[in-house]
Amino acid sequence: KEKHVIVLTDGMSNCGADPQDIRSSPEYRTVSAEFPVGIYYVSFDMADSGAFKNLESLGVKLFNATDETQLDTQFSEILNKEILFEDPGQ
């Protein structure tokens, strides 16, 4: 069964790893070796919402929100159209 990681970021690395480094983390490699991992980046209130565009080639799905309403919409879309939409036979 697929596992999911949702990264909510303002694009600033202020507490350790850069948000773009999740796929190279030991935790990701351990989990992804056993299960497929869906990764979703939600950039919030970022001046450059395309800053993570290069991650799409790695299978990361990108979302952008500029306010609370859009943030709620993006999380709902991820949950309802990406995570809960999985084929139950997987």
Please tell me if the side chains of [X] and [Y] come closer than 4.5 Å, counting only heavy atoms from C-beta onward.
{"X": "T9", "Y": "F44", "answer": "no"}
{"X": "L8", "Y": "L71", "answer": "yes"}
{"X": "M46", "Y": "F52", "answer": "yes"}
{"X": "I78", "Y": "I6", "answer": "yes"}

Seminar exercise, completed: Across all chains, not counting sequence neighbours, the salt bridge (charged side-chain N to carboxylate O under 4.0 Å, His left out) partners of E56 are K53
For this session: Test N64 against L62 for side-chain contact (heavy atoms from CB on, under 4.5 Å), laying out the working first.
Result: CA-CA 7 Å; N64 183 49; L62 305 177; over 6 Å; no
[atom2] on [Y] to [atom1] on [X], rounded to 0.5 Å:
{"X": "I83", "Y": "F75", "atom1": "CD1", "atom2": "CZ", "result": "9.5 Å"}
{"X": "Y40", "Y": "L79", "atom1": "OH", "atom2": "CG", "result": "10.0 Å"}
{"X": "D10", "Y": "D45", "atom1": "CG", "atom2": "CG", "result": "8.0 Å"}

For this session: Report the residues that fulfil side chain to side chain donor-acceptor pair (under 3.5 Å) with T66, sequence neighbours left out, ordered by chain and then residue number.
Result: Q70
For this session: Quick one: which residue pairs count as a salt bridge (charged side-chain N to carboxylate O under 4.0 Å, His left out) with a foot in residues 71-81, not counting sequence neighbours?
Result: none
